[in-house]
Peer 1: 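Before we start, here is the structure in question, set down as structure tokens.
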Protein chains: 2
Amino acid sequence: MTENIIFKALSDPTRRAIFDKLAGGGRNATALREGMEISQSAMSQHLSVLREAGLVREERQGRYVHYEVEPQGLLLLIRWLAKYRTYWPARVDALKALLKDMDQ
Amino acid sequence: MTENIIFKALSDPTRRAIFDKLAGGGRNATALREGMEISQSAMSQHLSVLREAGLVREERQGRYVHYEVEPQGLLLLIRWLAKYRTYWPARVDALKALLKDMDQ
DNA sequence: AAAACAAATAAGCCGATGCTTATATGTGGC
DNA sequence: GCCACATATAAGCATCGGCTTATTTGTTTT
């Protein structure tokens, strides 16, 4: 689960869209395809890449496979970004929201 | 300067290494190459990609071109990550350090 | 002006990547 | 067992991406 695999996995917009959908709630591959104009095979391959990168976890449930975001998945990316926090813009909405979330 | 261009730019390990070097201090392309076993042309092309992604800024200084990290560059990546903060592991060293930095 | 050096660009090569279609594997219901 | 459905995998194709070499552009020095 190297940093590089994660960046590669997230470098494709379709995979980021899939990840985003999963972040809104775990579901199976068929449900993921809804409204996405993507073949069954392509979806399966994308999910495989996301899983290899540790961004997604899967669990078989009967004849479906349930996918969901792996909470540890973004860790390396967070660490990578944190290395450069001297370069983060000082006042960023996202940061403020993040702070509010964490400050407890 | 779309999100996608940034992810693509950072998906290459050589470019992340270049960015990392620049984060340690701005310098020109020749200096960047030191200890990196990369051709002049390849370096120039990588820097071009980083610049297009808004991660790096350049300024001509005589016959050298000085490159440095563009402070706004990581903004979109930060925003992207912040979207998924419900999935961030609660106790992360990087986060704690970040908090300490920001909480003032 | 000419030579020397820094960087950018052009063109081509080749491996990586995302897609397609076709087929295989897994699982539940009849 | 057999069929239907969910997902994975194989194989091939087209495009993309990072590299190379060669050349061009820009700037300083003499």
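What you see is a predicted model; the values in this text were computed from it and never measured. Order of the sequence lines fixes the chain letters, A, B, ..., with proteins taken first and strands second; residue numbering starts at 1 for each chain.
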Peer 1: Side chains of residues 54-61 of chain A: which donor-acceptor partners sit under 3.5 Å, not counting sequence neighbours?
Peer 2:
{"unit_1": "A:Glu58", "atom_1": "OE1", "unit_2": "A:Arg51", "atom_2": "NE", "d": "2.6"}
{"unit_1": "A:Arg60", "atom_1": "NH1", "unit_2": "A:Gly62", "atom_2": "O", "d": "3.2"}

Peer 1: For B:Arg15, check salt bridge (Lys or Arg N to Asp or Glu O under 4.0 Å) against everything at least two apart and list the hits.
Peer 2: none
Peer 1: Which ring-ring contact (aromatic ring centres under 6.0 Å, His included) pairs, counting each pair once, include a residue from residues 7-63 of chain A, with sequence neighbours left out?
Peer 2: A:Phe7-A:Trp80, A:Phe19-B:Trp80, A:Phe19-B:Tyr84
Peer 1: To the nearest Å, give me how far apart CG (A:Leu47) and C1' (C:dT17) are.
Peer 2: 17 Å
Peer 1: Regarding B:Glu34 and B:Arg27, does a basic nitrogen lie under 4.0 Å from an acidic carboxylate oxygen?
Peer 2: no
Peer 1: Between P on C:dT21 and CE on A:Met43, what's the gap in Å once rounded to a whole number?
Peer 2: 16 Å
Peer 1: Give the rounded distance in Å between these two atoms: CD of B:Glu34 and P of C:dA7.
Peer 2: 11 Å
Peer 1: Specify the separation, in whole Å, of atom CD of B:Glu59 and atom C1' of C:dA6.
Peer 2: 16 Å
Peer 1: My understanding is that only one of B:Leu75, B:Val69, B:Leu74 makes a side-chain contact (heavy atoms from CB on, under 4.5 Å) with B:Gln72; could you say which?
Peer 2: B:Leu75
Peer 1: Hey, which of these two, B:Ser48 or A:Gln45, hits DNA chain C nearer its 5' end, going by closest nucleotide?
Peer 2: B:Ser48
Peer 1: Considering residues at least two apart in sequence or located in another chain, which fulfil the side chain to side chain donor-acceptor pair (under 3.5 Å) criterion with B:Gln45?
Peer 2: B:Ser41
Peer 1: In whole angstrom, what separates A:Asn4's CG from C:dA16's P?
Peer 2: 13 Å
Peer 1: Roughly, in whole Å, what's the span from CG in A:Leu50 to C1' in C:dG18?
Peer 2: 13 Å
Peer 1: Taking for each residue the nucleotide of DNA chain C with the nearest heavy atom, is it A:Asp12 or B:His66 whose nucleotide lies nearer the 5' end?
Peer 2: B:His66
Peer 1: What is the per-nucleotide protein-contact pattern of nucleotides 22-28 of chain C, from the 5' end, where B denotes a base atom under 4.0 Å from a protein heavy atom, S denotes such proximity for sugar-phosphate atoms only, and - denotes neither?
Peer 2: ----SBS
Peer 1: Chain A on DNA chain D: first and last contacting nucleotide, 5' to 3', under 4.0 Å to a heavy atom?
Peer 2: D:dA4 to D:dA10
Peer 1: Evaluate side chain to side chain contact (heavy atoms under 4.5 Å, CB included) for A:Arg16 paired with B:Asn4, printing each intermediate quantity in order.
Peer 2: CA-CA 9 Å; A:Arg16 287 199 306 281; B:Asn4 194 48; 2.9 Å; yes
Peer 1: For the pair A:Thr2 (side chain) and A:Ile5 (backbone), establish whether a donor and an acceptor sit closer than 3.5 Å, ignoring hydrogens and angles.
Peer 2: no
Peer 1: Send over the distance from A:Arg33 CZ to C:dC19 C1', rounded to a whole Å.
Peer 2: 13 Å
Peer 1: For A:Ala17, what residues pass the side chain to side chain contact (heavy atoms under 4.5 Å, CB included) criterion, not counting sequence neighbours?
Peer 2: A:Met36
Peer 1: What integer distance in Å separates B:His46:NE2 from C:dT9:C1'?
Peer 2: 15 Å
Peer 1: Under 4.0 Å, heavy atom to any atom of DNA chain C: which of residues 13-31 of chain B qualify?
Peer 2: B:Asn28, B:Ala29, B:Thr30
Peer 1: Taking side chain to side chain donor-acceptor pair (under 3.5 Å) as the test, write out the residues that go with A:Glu68, two or more places apart.
Peer 2: A:His66
Peer 1: Which comes earlier along DNA chain D counting from the 5' end, the contact point of A:Val65 or that of B:Tyr64, where each point is its nearest nucleotide?
Peer 2: A:Val65
Peer 1: So, does B:Arg33 use its side chain to make a donor-acceptor pair with the main chain of B:Thr30 at under 3.5 Å?
Peer 2: no
